2 protein chains.
Amino acid sequence: MLDTPPIDIVRTQSLTSLVQREVERLILTGELAPGERINEQHLAARLRVSRGPVREALRGLEKARLVEAKVNRGVYVRELSVEQALEISEMRGLLTGYACARLAASSTAEQRARLAQLIETMAAAIAAGDAPAYYEHNLAFHDALMDYAGNARAKEMYDALVKESHLSRRKSLFSARAMAESNAEHRVILDAIRKGDAAAAREAGERHIVGGRRRFLDAIGMAEMRPG
Amino acid sequence: MLDTPPIDIVRTQSLTSLVQREVERLILTGELAPGERINEQHLAARLRVSRGPVREALRGLEKARLVEAKVNRGVYVRELSVEQALEISEMRGLLTGYACARLAASSTAEQRARLAQLIETMAAAIAAGDAPAYYEHNLAFHDALMDYAGNARAKEMYDALVKESHLSRRKSLFSARAMAESNAEHRVILDAIRKGDAAAAREAGERHIVGGRRRFLDAIGMAEMRPG
DNA sequence: AAAACTCAAACTGTCGACAGTTTACATCAT
DNA sequence: ATGATGTAAACTGTCGACAGTTTGAGTTTT
């Protein structure tokens, strides 16, 4: 396994939670690849911990859908089929649409200003051809949307879906054109929110994810799976 | 703790999964009440199992939001605030609306027939004043909706939300009037699906859950918290 | 009588070990 | 060479034990 620094004992939180966070990090960054087996003993030795906390952490990650456990056969980083990835994206779209509708119904001036600011930052990233920066601020924009919507449960579900979507082997490397398209949709969303048009905001939020899915499929050359 | 039969060792599945299922059952049936502490040692002794599998099972239930773990202080059956219960119901409504829209866009004759059949069964239960039967078939109706929608992820999220909603201490004991209202909404949903009107189906599905929430609030005498 | 303190019992977090299963390799047969 | 077979190593599932923390009863102090 990989060279991560061992975890030190902290009395205010359990080793399990630390292991869980660390393994989650390894998965989300791709250091542990989808389909890869996670060896309990090696992982425990790596983190200078016994197998107990490791097993508990893996059980948690299993429920979070980041790993799959096969009885007597070990735990594997979950692999996402294209179909599963699309389902996840559809659910993200649903939640995003919901959040947009809620914001259209009630949002503060500061919230709208913050969203506008993020859109401008993304525009700057596109102009600079800085895809990683775009990616980062895009995440922040969607986080803000879900945050401001005021439904904690919705945000948690959304966050879980985003984590899960990282299991997709295909890294979403956007072209400049795709980024521009995406950010234009962000503007449509914000406009609808500003107008207080909940139905339009919802539609724009859902469309945005559908558009993201299309851009994703185009990027991996599976345009034929476009939603019909 | 309670008098459940001990779990026997089966080699094809782990004790952890059996313990998890059993504790989940205890929680969903209310034998373990929200707020109640779950003693690892007692539970392990009850089920004739060591603490390892019990701890792993509880870790899974924590991620499923059925229990909460406090470091060094044990695991408690989760308590739901009214606000949290409403958030859950809102998410159920969102998913239900989604499923209805999908079904309006594409469903088979058998599926529509099955839904119609469930509605008639519920009508019979109402006529007979059989609230438990209504409750059961209502669950089946909503299960079928999510099943037929064809998005496995959506169904899993929905199922998780339903389980979580059982944490609400207020048991939803419906009056005959509430049941009749609820079933009338079922008919509206099915009509929209039959007409292939996705927007109407979605609206009907969401309204149905909102209506359920109103009936719920009426029942517990908190009408003032009606969504505004 | 109420609050602060003391100490033992109870409990959680963690560990190392054992049993049973799976996996991988070496050997043998074809 | 290829496939089947047997065996040892590796790994998972489970258990019992120990250490540190929390809880609660009993005692002392104000």
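The structure presented is a predicted model; accordingly, all values stated were derived computationally and were not measured. Chain identifiers are assigned alphabetically (A, B, ...) following the order of the sequence lines, protein sequences preceding nucleic acid strands; residue numbering begins at 1 within each chain.
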A:F141 vs A:H186 aromatic rings, parallel, tilted or perpendicular, using cut-offs 30° and 60°?
tilted

Inspect the contact between A:E206 and B:R202 and indicate whether a charged nitrogen and a carboxylate oxygen are less than 4.0 angstrom apart.
yes

CZ of A:R59 versus P of D:dG13: gap in Å, rounded?
7 Å

What's the CG-P distance between B:L15 and D:dG16, to the nearest Å?
12 Å

Under 3.5 Å, is there a donor on one side chain and an acceptor on the other for B:T121 and B:Y134?
no

Hits for salt bridge (charged side-chain N to carboxylate O under 4.0 Å, His left out) against B:R215, two or more places apart or cross-chain, chain-then-number order -> B:E181, B:E185

Provide, to the nearest angstrom, the distance between the CD atom belonging to A:Q13 and the C1' atom belonging to D:dG20.
17 Å

Can B:H142 and B:H137 be counted as having a side-chain donor-acceptor contact under 3.5 angstrom?
no

Between A:Y76 and A:G52, whichever has its closest DNA chain C nucleotide further toward 5' is A:G52

Which atoms of nucleotides 7-12 of chain C (N or O only) lie under 3.5 Å from a protein N or O atom, and what are those distances?
{"residue": "C:dC11", "atom": "OP1", "partner": "B:N39", "partner atom": "ND2", "Å": "2.9"}
{"residue": "C:dC11", "atom": "OP2", "partner": "B:Q41", "partner atom": "NE2", "Å": "3.3"}
{"residue": "C:dC11", "atom": "O5'", "partner": "B:N39", "partner atom": "ND2", "Å": "3.4"}
{"residue": "C:dC11", "atom": "O3'", "partner": "B:R37", "partner atom": "NH2", "Å": "3.1"}

Going by salt bridge (charged side-chain N to carboxylate O under 4.0 Å, His left out), name the residues that satisfy it together with A:E90, two or more places apart in sequence or in a different chain.
A:R213, B:R102

Which residues pass the side-chain contact (heavy atoms from CB on, under 4.5 Å) test with B:A144, sequence neighbours left out?
B:L115, B:L118, B:Y148

Given axes from five pairs at either end, by how many degrees does the helix from C:dA1-D:dT30 to C:dT30-D:dA1 bend, rounded to 10°?
10°

Taken in chain and number order and not counting sequence neighbours, the residues that satisfy salt bridge (charged side-chain N to carboxylate O under 4.0 Å, His left out) with B:K63 are none

